[in-house]
Amino acid sequence: MNNLIKIAVALAFIAVASGKLPWILFQVRKAQIHLIIESQASKWPKAMTFPSH
């Protein structure tokens, strides 16, 4: 976990130094929205129901 934090900090510094931080933040927000949409209950498979007589 500690190595992951170090990598994230290093990538953040590189993004700031290269001027790409706004673009990266935009891409992260797009990915978050995509994950929220994909995790909605309407996307889940429907439960099997037995036919009623």
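Just so we're clear, the structure is a prediction, and the values are computed from it rather than from any experiment.
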Atom pairs and distances, side-chain donor-acceptor, residues 1-9, under 3.5 Å, sequence neighbours left out:
none

Ignoring hydrogens and angles, write down the donor-acceptor pairs under 3.5 Å from the side chains of residues 10-18, residues two or more places apart or on other chains.
residue	atom	partner	partner atom	Å
S18	OG	I14	O	3.0
S18	OG	A15	O	3.3

Taking distance alone, no hydrogens or angles, what donor-acceptor pairs closer than 3.5 Å link side-chain atoms of residues 25-33 to residues at least two apart or in another chain?
none

